[in-house]
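Report on one structure; see the data block that follows.
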Amino acid sequence: MPRAIVDITPADQRPDQDPSLAVRNNGGAEPSSAPAPTGRREALLLLSFGGPEGHDDVMPFLENVTRGRGIPRERLEEVAEHYHHFDGVSPINDQNKALLAALEGELASAGIDLPVYWGNRNWAPYVEDVWQQMADDGIQHAYVLATSAYASFSGCRQYHEDIARARAAMTGSPDAPGGPTAEKLPHYFDADGFVRANADALAAALAELPEDVRDGARLVATAHSIPDSMAAVAGPQGHAYEAELTETARQVVALAAPGRDFDLVWQSRSGPPSVPWLEPDVNDHLKDLAEAGEKAVVLFPVGFVSDHLEVIWDLDNEAKETAGELGLAFARAATAGTHPVFVRSLVGLLTERRAGGEPRLGTNCPASCCFTPPRPPRPTA
């Protein structure tokens, strides 16, 4: 099921020029610090990456993910095998359904009457189709909760682009998009509930280790690697991705294991060797730890919201196998998932915006934020 590509850049405007995506998606006005207008029909949209639902979906899904990036077919086939190992079904779909149900329950408990929708970038339910559904249901404004807590092109700006693409698809034109206006909720890397959920998971993982190595185990935070060029433009001043992840890991360790050191490393690299990505890779780091005499390690994947395929495959399979070969005692902390305090924090972000909280980064992003100029076309022979 290929995804149609819709141009989201208005005529005579570069993608990094004002008005920003945040302003355009909000109907031409900056996200407001005033309370939501009385009587406006609003909704919450959980916007995620998407994943295949069976063997036949895997390659079309990966082609959606990598369209325009020049990823070799053999690399796609290699990644496809990871999905086929799980019968072609990505765990992210059930995890998003569980988060959706948890959000609905928390909203009901808080007395907030707000419909909740779910859409994806790369697989059904596509965000374009969900936008049409919201329009058909009479929704006028959507608050968009992305399943990424951090700054970066793929973690923030691309979700703004998803919204713009869905609105442009309503009319076929980026100059006069349709459907509900929208605003993305801010980065939540430092939200109390996100930090607490990860801290509880880290404490539980530490408890899994043998008692004789527990207190000396090395704590290693992991996140998805991104190209150096993408990291350099993440956030208004650049390098916000690494900075936000470092701050999250610091706060998590301060709660779960006060006074202990930690490392931040990277996983799930997918680019060609010629393109520099953030390093060190988690497996290389495990080898360095073993050579330095470490006896045990706990990985805590703060860069991810749920235990989707890259967490399960890259950590529970590859990193665990590497640790075993090196003789390192190994434990892996869970992600935030549907931890009640995390879900409560997400609803808190929503209520803050509806009440007129100051629009923070992630909601009101500058036009050039996280923008990487496209690579020039390859010369033809």
Side-chain angles (χ1 to χ4, degrees), residues 75 78-86 90-92 95 149-150 194-195 197-226 241-242 245-246 248-271 273 276-337 339:
R75 173 57 182 161
E78 178 185 334
V79 175
E81 287 305 311
H82 300 172
Y83 287 95
H84 291 312
H85 183 80
F86 298 95
S90 171
I92 198 172
Q95 290 161 5
Y150 301 95
F194 185 61
V195 172
N198 278 283
D200 287 352
L202 176 56
L206 274 166
E208 295 174 10
L209 290 174
E211 192 171 351
D212 61 330
V213 296
R214 188 179 304 157
D215 290 342
R218 192 69 185 180
L219 309 182
V220 179
T222 75
H224 203 301
S225 185
I226 60 175
Y241 184 61
E242 303 109 302
L245 281 158
T246 299
T248 302
R250 185 194 68 77
Q251 292 190 32
V252 168
V253 171
L255 285 177
R260 292 177 67 164
D261 293 330
F262 68 89
D263 307 313
L264 173 62
V265 304
W266 312 98
Q267 62 174 89
S268 311
R269 177 196 168 116
S270 60
W277 283 50
L278 294 177
E279 295 180 338
D281 175 77
V282 60
N283 292 287
D284 294 336
H285 189 66
L286 292 176
K287 294 171 186 175
D288 291 342
L289 291 179
E291 289 177 3
E294 299 286 353
K295 303 300 182 186
V297 63
V298 178
L299 303 185
F300 58 115
V302 294
F304 304 88
V305 169
S306 66
D307 282 13
H308 57 66
L309 188 80
E310 287 172 316
V311 175
I312 295 171
W313 185 266
D314 295 348
L315 300 185
D316 296 350
N317 286 277
E318 292 183 349
K320 184 177 181 180
E321 181 178 334
T322 298
E325 292 170 353
L326 296 168
L328 288 169
F330 177 92
R332 197 269 289 178
T335 50
H339 193 301

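Residue indices begin at 1 and follow the sequence shown.
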Which atom names give the shortest non-hydrogen contact between Thr335 and Asn198, and what distance separates them? CA-OD1, 4.5 Å

Quick one: do Glu211 and Arg214 satisfy salt bridge (Lys or Arg N to Asp or Glu O under 4.0 Å)? Show the steps, please. CA-CA 5 Å; Glu211 192 171 351; Arg214 188 179 304 157; 5.1 Å; no

Side-chain donor-acceptor distances from residues 325-332 under 3.5 Å, at least two apart:
| from | atom 1 | to | atom 2 | distance (Å) |
| --- | --- | --- | --- | --- |
| Arg332 | NE | Asp316 | OD1 | 2.9 |
| Arg332 | NH1 | Asp307 | OD1 | 3.2 |
| Arg332 | NH1 | Asp307 | OD2 | 3.1 |
| Arg332 | NH2 | Asp307 | OD2 | 3.2 |
| Arg332 | NH2 | Asp316 | OD1 | 3.4 |
| Arg332 | NH2 | Asp316 | OD2 | 2.8 |

On a heavy-atom basis, which atom in Ala256 and which in Ala203 lie closest, and how many Å separate them? CB-N, 4.1 Å

Are a donor atom and an acceptor atom from the side chains of Glu279 and Trp266 found within less than 3.5 Å of each other? no

So which heavy atom on Ala217 is nearest to which on Val297, and how close? CB-N, 4.3 Å

Evaluate the side-chain proximity of His224 to Tyr241: yes if any heavy-atom separation is below 4.5 Å, no if none is. yes

Which pairs, with at least one residue in residues 284-298 and sequence neighbours excluded, count as a side-chain hydrogen bond (donor to acceptor under 3.5 Å, both in side chains)? Asp263-His285

Which pair of non-hydrogen atoms, one from Ala323 and one from Leu286, has the smallest distance, and what is that distance? N-CD1, 4.3 Å

Can you check whether Arg269 reaches Asp281 side chain to side chain, under 4.5 Å on heavy atoms? no

Would you say that Trp313 contacts Ser268 through its side chain, given a criterion of any heavy-atom pair below 4.5 Å between the two side chains? no

Which atom names give the shortest non-hydrogen contact between Tyr150 and Leu245, and what distance separates them? CZ-CD2, 3.4 Å

Could you check if a side-chain atom of Ile312 sits within less than 4.5 angstrom of a side-chain atom of Pro91, using non-hydrogen atoms only? yes

Asp261 and Arg218, any side-chain heavy atoms less than 4.5 Å apart: yes

